[in-house]
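Heads up: the structure comes next, in structure tokens.
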2 protein chains.
Amino acid sequence: MKYVHSCMIRGDGGRTLRAILDQICNKWTLLVVATLDAGTLRFKELHQRIPGISQRMLTLTLRNLERDGLVSRTVHAEVPPRVDYELTETGRSLLEPALALAGWAIEHVPQIEASREAYKKA
Amino acid sequence: MKYVHSCMIRGDGGRTLRAILDQICNKWTLLVVATLDAGTLRFKELHQRIPGISQRMLTLTLRNLERDGLVSRTVHAEVPPRVDYELTETGRSLLEPALALAGWAIEHVPQIEASREAYKKA
DNA sequence: CTGTATCCCCAAAGATACTG
DNA sequence: CAGTATCTTTGGGGATACAG
């Protein structure tokens with residue numbers, strides 16, 4: 001696993017990697033991907049399941065994920081409109097490391113908050 | 001692993017988790033943590049190994065990591081000053097999911113860039 | 001060497017209103 | 001329902017200078 005570190009520091013100076021990483025680790029992307037773990041969801045369902053996200057940011061995040069080939073978008077010719085979003089094969093492959101990171105964060109929330117409290121007092 | 005998703009969406013509305021996740025997924029944190037995979041490093045060594053980071057951002061990132069209990073900071077009473085940074089036990093536990101995500105990003109860089117190209121043309 | 005202290009900028013994100 | 005358009009805000013991050 002050490003090669004990861006090498007690749008990050010060397011190569012193109014980590015620029016390409018950081019660009020991808022920035023794309024993944026922005027405010028909403030991981031949350032949207034994790035939510036799509038549930039399967040195919042329409043726009044409104046995503047909007048409801050992700051508290052605090054605005055319509056605009058959900059749209060932008062989904063467009064970027066679609067552009068990167070991580071999410072597929074299916075428009076159904078119906079009235080009212082219906083658009084389904086689903087993880088692609090690549091998107092599902094991101095699920096594992098993404099959920100691992102999210103899991104780590106959840107597990108360590110109490111510890112980190114305790115550390116922050118201790119830091120404030122010192 | 002489904003419980004991760006549940007926790008993210010429910011609970012406090014995912015606010016606490018997102019706060020932690022934001023802290024981890026900012027521009028430099030993952031890179032600093034990954035760099036400290038190499039072991040104990042002093043300020044200048046970190047600065048050299050992370051291309052593009054400013055002194056200010058390195059300091060801020062390290063302070064946050066220290067506050068969160070992920071990095072330990074040791075000041076040696078020497079002239080010139082010497083400060084060593086090292087991952088704590090908690091910090092090292094972040095290494096695995098962090099490197100997994102970085103590894104995923106590296107593996108999928110070509111694929112994502114190809115998808116972006118295809119998207120542009122369409 | 002290892003940092004603070006300032007100033008500044010801009011892109012990301014929010015709010016709101018409107019539309020096919 | 002599923003967006004787009006527009007405006008505004010904010011704070012993350014860069015550059016620079018200075019300090020212990």
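Basis for what follows: all heavy atoms, side chains included, without hydrogens, waters or symmetry-related copies. Residue numbers start from 1 in every chain, and the chains themselves are labelled A, B, ... in the order their sequence lines are given, proteins ahead of strands. Just so it is clear, the structure is predicted and the values come from calculations on it, not from any experiment.
Rounded to whole Å, atom C1' of C/dT6 lies 13 Å from atom CG of B/L60. Atom CZ of A/F43 is separated from atom C1' of C/dG20 by 15 Å (rounded to the nearest Å). Rounding to whole angstrom units, CG of residue A/N64 and P of D/dG3 are separated by 14 Å. For the pair B/I53 CD1 and D/dG12 P, the computed distance is 15 Å after rounding to whole Å. Computed from coordinates, the B/L46 CG to C/dC1 C1' distance equals 13 Å when rounded to whole Å. Atom NZ in A/K27 sits roughly 13 Å away from atom P in D/dG13 (whole-Å rounding). Between B/H76 atom NE2 and D/dG20 atom P the separation is 22 Å, expressed in whole Å. Counting to the nearest Å, the P atom of D/dC7 and the CE atom of A/M57 are 19 Å from each other.
Of the candidate nucleotides D/dC1, D/dG13, C/dG3, C/dG3 has the atom nearest to the side chain of B/Q55. In the set D/dA2, C/dT2, C/dG14, C/dT2 carries the atom at the smallest distance from any side-chain atom of B/P81. Of all nucleotides listed (C/dT2, C/dG20, D/dG3), D/dG3 comes nearest to the side chain of A/T59.
At a threshold of 4.0 angstrom between heavy atoms, the contacts of B/R56 include nucleobase atoms, whether or not backbone atoms are also involved.
Note on A/Y85: a side-chain N or O is less than 4.0 Å away from OP1 or OP2 of D/dG3. Residue B/K44 has a polar side-chain atom (N or O) positioned under 4.0 Å from OP1 or OP2 of C/dC1. In terms of phosphate contacts, B/R42 brings a side-chain nitrogen or oxygen within less than 4.0 Å of OP1 or OP2 of C/dT2.
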Exercise for review: Test side-chain contact (heavy atoms from CB on, under 4.5 Å) on A/D84 and A/L41 and set out the steps.
Suggested key: CA-CA 6 Å; A/D84 283 339; A/L41 292 173; over 6 Å; no

Practice item. Under the side chain to side chain donor-acceptor pair (under 3.5 Å) rule, what do B/E66 and B/S72 come out as? Steps first, then yes or no, please. Key: CA-CA 6 Å; B/E66 192 196 356; B/S72 68; over 6 Å; no

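There is no path of hydrophobic side-chain contacts, each under 4.5 Å, that joins A/V79 to A/V83.
Between A/H108 and A/W104, the ring planes are parallel. Angles under 30° get that label, and only those over 60° would be called perpendicular.
Checking B/T29 against B/N26 by side-chain atom types alone, a donor-acceptor pair falls below 3.5 Å.
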